[in-house]
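So you know, we letter chains A, B, ... as the sequences are listed, proteins then strands, and number each from 1.
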Amino acid sequence: MENFEQYITPETNEAEQDALNLVQLGFEKIQLEKKVDEASVLLQELQRRRKRKYMIVLIAGLLVAVGFVFWLLGRKENKPSVPPPVEEQKVQSPLQPVAERPLTTKEKVEKPLVRGVNPDLDPDSARLLNDLLGETVNNPGAFQTNYDWGKCIQLLRAGKPKEAKLLIFQLEKRGGSSAQEAGWLLGLTLLAEGKTDKAKVIFEDISQSEAHPRRAASKKALVGIDQ
Amino acid sequence: MANSIFGWFSKEDPCRRFLSNEQLFDGLVCRDSAAIVCVQDKAFGSVRNIVRKTGLPSEMVVEVLNKSTVIFLQKIADGSYQFYGNAPVTFLVEIARNVALTALRDKKKSFDTLDNHLYIADASTAENDRHQEAADLVRLLLAGLGEPCGLIIRLQHIDGMSDEEVVNQKLTKYSTPDSLKMKRRDCMKKLTKLAQQWKISNNI
């Protein structure tokens, strides 16, 4: 702003000078207000940009958080099932095929019963069961590494047919070859329970089924039962 | 990543040029736009709280802040405010408190509400009023002055343009800075006379 003193001449009286001072004061105030108004506009623009940036960061953060949650959920679903504990893993290991020589007649009579077998089971049935279990273990087929199958054999050998049945039902639910094997094992279980008649029905069924992998074993079982 | 985000936000910081209160004060003395924006940005939150507590509408925050800033800059110019190391924003907020209370009074709120507010009588309130009256008078007189005097005076004394700029941009009919200056001198004499007459008629 130009200097107002240039408007003061020797002829300028006091009243004029007062008026000039007032005008100068007014202009100073107006200039100041204009400057502050301009700064205010800049400030408002700044606040708008700042708010926009905060919104962008907030939305980006939310998207990252949501993405992370979905990733966690996806990871949880795809996680493989927990392997059985160490003790059960030992059980899951393939059963060693039992190498058995044919029993002599004396041994057939004197051979102790299968460990833990039902004490009420007659010796012939017990011996037959033992043979059939041995044959099953020697010919595991696709079930060599199947936990339920291995455990079922163990339970039958331990004289726990009732517990073995639970696993048989698990096998049967899977259908296909598992259901076929479950049928065979059920026959062995009934035999272990002393229910020879019912076992015979199952073995007859299997022996007549051409596609059944245990057809030959079933025929052997029927021979054993009839003896 | 954090640094880049911080840098992205720091671009919006109007105070990044003023690393200390003293630097900010020096900027305000020079009426640097960046300094004014900085001090207003710092005071904005406090002024908003003051306006809310006073019961004024939220739309008045900017008005109160601007009025307070003008008063603050006047006090810096006439030496009423001296820098002793304190943050300039503190004083600005105090001025805003008084401006808000004045606005409240002007809105003719019930006198009961005034009892609940501690109104600190500012010794320079009369000074501020005098400045405001002078500004209002000048606006009134400029409007009464007519053209081209109103335009010529406004370009120089309000918009801050130099004679060369006015001539180059052909904002008036005067083609040389000297002729423009001559005309402006005449206009200022008229303006001063009008102001004198106004003072006499108002017995000031």
(message) Any heavy-atom pair between the side chains of B:L65 and A:S40 that's under 4.5 Å?
(response) no
(message) At a 4.5 Å cut-off on heavy atoms, which part of B:L194 comes close to chain A: side chain, backbone, both, or neither?
(response) neither
(message) Distance check, rounded to the nearest 0.5 Å: A:E28 atom CD versus B:H131 atom NE2?
(response) 6.5 Å
(request) Count the heavy-atom pairs under 4.5 Å between each of B:M161, B:E133, B:K67, B:Q40 and chain A, then report the option with the highest count. (result) B:Q40
(message) Holding to side chain to side chain donor-acceptor pair (under 3.5 Å), I want the full list of residues that pass it with A:K34, two or more places apart in sequence or in another chain.
(response) A:E38
(request) Give a yes or no on whether a salt bridge exists between A:R50 and B:D13, defined as a side-chain N under 4.0 angstrom from a carboxylate O. (result) no
(message) What part of B:K193 gets within 4.5 angstrom of chain A, counting heavy atoms only: side chain, backbone, both, or neither?
(response) side chain
(message) Working to the nearest 0.5 angstrom, can you tell me the gap between A:F27 CZ and B:L142 CG?
(response) 4.5 Å
(request) Not counting sequence neighbours, list each pair that qualifies as a salt bridge (charged side-chain N to carboxylate O under 4.0 Å, His left out) and has a residue in residues 139-154 of chain B. (result) A:E33-B:R139, B:D136-B:R139
(request) Could you list the residues that satisfy salt bridge (Lys or Arg N to Asp or Glu O under 4.0 Å) with A:D18, not counting sequence neighbours? (result) none
(request) Going by the side-chain contact (heavy atoms from CB on, under 4.5 Å) test, name the single residue among A:V36, A:L32, A:L43, A:D37 that passes it with B:T69. (result) A:V36
(message) Taking side chain as everything from C-beta outward and backbone as N, CA, C, O, which of these in A:N21 sits under 4.5 Å from a heavy atom of chain B? Side chain, backbone, both or neither.
(response) neither
(message) For a quick test of reading the model, state the closest non-hydrogen atom pair linking A:A39 to B:S33 and the distance between them.
(response) CB-O, 4.3 Å
(request) Compare every heavy atom of A:I30 with every heavy atom of B:A135, then report the nearest pair and how far apart it is. (result) O-CD1, 3.7 Å
(request) Select, from B:L141, B:I153, B:V138, the one with the greatest count of heavy-atom pairs under 4.5 Å involving chain A. (result) B:V138
(message) Quick check for you: to the nearest 0.5 Å, what is the distance between A:K35 atom NZ and B:D32 atom CG?
(response) 7.5 Å
(request) Take atom CD of B:Q23 as the centre, draw a 6.0 Å sphere, and report whether it contains more than 12 heavy atoms from other residues, nucleotides or ligands. (result) yes
(message) Using modelled atom types and a 3.5 Å cut-off, is there a donor and acceptor pairing between side-chain atoms of A:Q31 and backbone atoms of B:H157?
(response) yes
(request) Tell me, out of B:Q197, B:Q132, B:K189, who's got the most heavy-atom pairs with chain A below 4.5 Å. (result) B:Q132
(request) Quick one: pull up CD in B:Q196 and CG in A:L22 and give me the separation to the nearest 0.5 Å. (result) 11.0 Å
(message) Heavy-atom cut-off 4.5 Å, strictly under: side chain, backbone, both or neither for B:V62 against chain A?
(response) side chain
(message) Using only non-hydrogen atoms and a strict under-4.5 angstrom cutoff, which residues of residues 170-178 of chain B touch chain A?
(response) none
